2 protein chains.
Amino acid sequence: MQTGSCARSTGTRPRLWRVTTRRSRTAPAGLTREGIVDVAIRVADADGPTAVSMRRIAQELGVDPMSLYRHIGAKDGLLDLMTDTVVAGIERVEPGATWVETAREQMLAARRTMLRHPWTAEVVKARPIPTPAALRYVDTILGILRGGGLSLDLTHHALHVLGSRILGFGQNLFDEGADTPPEVAAARAAGLAHEMPWVAEMIVGSAHGGALGGCDDDAEFVFSLDLILEGLEHRRAAGR
Amino acid sequence: MQTGSCARSTGTRPRLWRVTTRRSRTAPAGLTREGIVDVAIRVADADGPTAVSMRRIAQELGVDPMSLYRHIGAKDGLLDLMTDTVVAGIERVEPGATWVETAREQMLAARRTMLRHPWTAEVVKARPIPTPAALRYVDTILGILRGGGLSLDLTHHALHVLGSRILGFGQNLFDEGADTPPEVAAARAAGLAHEMPWVAEMIVGSAHGGALGGCDDDAEFVFSLDLILEGLEHRRAAGR
DNA sequence: CGCCGCAGACCTACGGCGTAGGCCTACAGT
DNA sequence: ACTGTAGGCCTACGCCGTAGGTCTGCGGCG
């Protein structure tokens, strides 16, 4: 982890971004939220997510650590912005011949992005709630599944099975459905309906406890397990 | 995350284990590796894995933080010991009518243990190499799959698909196969053969690049994706 | 022109973290 | 009785996030 002696050596690491040294007090540094996030992503790509510290990226920018707080709320906010930026960069694929083909291509596209920023999955999983871009991406996936004819609750199951296969979120997305009053959920969904129609639909479906009645983690685990074991048994019976 | 002001309040938290206050310099504290790990697990259960710090568990034991280092190598070592202890506690199930049933029951048993210690998956995933108990558990799973008639490489695929469904390890278990000289791998496998025959078999299979030729992450991703999508399409066609 | 408010930077300081390196004491082996 | 060592303790270092305060230049306004 962090050892005083070996951490010393990072002092000589070449700057990844701005080469200016600590500026004189009067000159504006021209910090922007986008610039900060950009450098943070670069640092994470180069040295892993644990290397992203306020002090490190401030040093990378030739700036005081506290200056960053003018532009981002806190460390957690920075991590959110980083993953949001990466996830927003996932390309959307054209519909294929079948929904399976479309879903397959879409997730391979996501994987291509994740491979460029391998730290993302880990950071996303550590964050409690999904970022806007993540929700929009989930909406894309939901649209493919629903458009392919999957029922609402089969789609819900699908999100759980595919969860880590996609990115790592989608696991506990709709926990609120269980204890949020239906009218609140409905109102929220109405606000979302324009931008994320499929997410809105699923929230409403979760809330009124109908076909999918909240989100039973045990049931989801068993569903996933059985689906996978069944697929494996098929392949075994078919002779590898 | 950690804020000076609010962290203050943790000072009044009740001890989870030993109630003695800081002992006089001369009395032996009777620290043991097992006792330390036990308290650390208790702390993680109560306040999450991030609450496990050397200082915190030393305080819980009424002992100086540095005293812990006599018994555990470092923080990472402590985390390894914690997960190892938890994983070792997973019960082994009796063989069922089919291998599918056996595998199902075994993983449900694992899940029961994980639910008692929800932090384990996260910690295990952050650790680079599996602990002995984890390897032994994987050996159990491998035995069920191979005993059920799955070929060596189908079993290998199965480990990847089921990965996060089991515990989170099993993902990159056999990376070494690609670049380790076969004779080294064979020697290592021979040493393991008594205690973990199935793991040994898979290492050898990985090493000589035969049926499964190393471990192609992309191929594993596609295999898992297709298996899951196929299962979902089956269920859709069957009308939910 | 003179004044003020404020945005955007900087600085200090605090309490947390892991742990290197050394110290002190009691006891076991000789 | 002597001595080595195991098992505690202590100090100190360099990290970390960030609360709270300060300085400075600029744009707006009387």
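The sequence lines fix the lettering, A, B, ..., with proteins before strands; numbering per chain opens at 1. Keep in mind the model is a prediction, meaning the values are calculated, not measured.
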Practice task
Measure the distance from CZ on B/Arg33 to P on D/dG7 and round it to the nearest whole Å.
Solution key: 12 Å
Fill in the blank from the handout: The side-chain contact (heavy atoms from CB on, under 4.5 Å) partners of A/Ala103 (sequence neighbours excluded) come to A/Trp99, A/Met107, A/Ile144, B/Leu229
Completion exercise
Between CD1 of B/Ile72 and P of C/dG18 the distance, given in whole Å, is 10 Å
Problem - Rounded distance (Å) that lies between atom C1' of C/dG18 and atom CG of B/Leu79 - result: 12 Å
Problem - Heavy atoms from other residues, nucleotides or ligands near CD1 of A/Ile129 exceed 12 (cutoff 6.0 Å) - result: no
Practice task
Using a cut-off of strictly less than 4.0 Å, decide whether B/His71 has a side-chain nitrogen or oxygen near OP1 or OP2 of D/dG8.
Solution key: yes
Exercise for the section: Using only side-chain N and O atoms of A/Ser67, determine if any of them is under 4.0 Å from OP1 or OP2 of C/dG8. Expected result: no
Practice task
Let me know the distance between NZ of A/Lys75 and P of D/dC16, rounded to the nearest Å.
Solution key: 9 Å
Problem - Gap separating the CZ atom of B/Arg42 from the CG atom of B/Asp47, nearest 0.5 angstrom - result: 13.0 Å
Practice task
Using heavy atoms to find the nearest nucleotide of DNA chain C for B/Gly73 and A/Thr32 separately, return the residue whose nucleotide is more 5′.
Solution key: A/Thr32
Exercise for the section: Look at the side chain of A/Met66 and decide which nucleotide, out of C/dC11, C/dT19, D/dC16, has an atom nearest to it. Expected result: C/dC11
Exercise for the section: Using only heavy-atom distances, decide whether a donor-acceptor pair under 3.5 angstrom links the side-chain of B/Arg55 to the base of C/dG18. Expected result: yes
Practice task
Would you mind telling me which of C/dG18, D/dG8, C/dC10 lies closest to the side-chain atoms of B/Tyr69?
Solution key: C/dG18
Completion exercise
When A/Thr85, A/Thr83, A/Asp84 are each screened for side-chain hydrogen bond (donor to acceptor under 3.5 Å, both in side chains) with A/Thr131, the one that passes is A/Asp84
Exercise for the section: Side chain of B/Met54 only, please: which of C/dG18, C/dC11, C/dG8 is the nearest? Expected result: C/dG18
Completion exercise
Whole-Å distance, A/Ile57 CD1 to D/dC15 P, equals 17 Å
Problem - Spacing between B/Asp64 atom CG and C/dG21 atom P, to the nearest angstrom - result: 17 Å
Practice task
Could I get the full list of side chain to side chain donor-acceptor pair (under 3.5 Å) partners for A/His71, not counting sequence neighbours?
Solution key: none
Handout entry: First of A/Ala74 and A/Arg70 reached from the 5' end of DNA chain D, by closest nucleotide
Key = A/Ala74
Problem - Length of the line joining B/Gln59:CD and C/dG18:P, which is rounded to integer Å - result: 13 Å
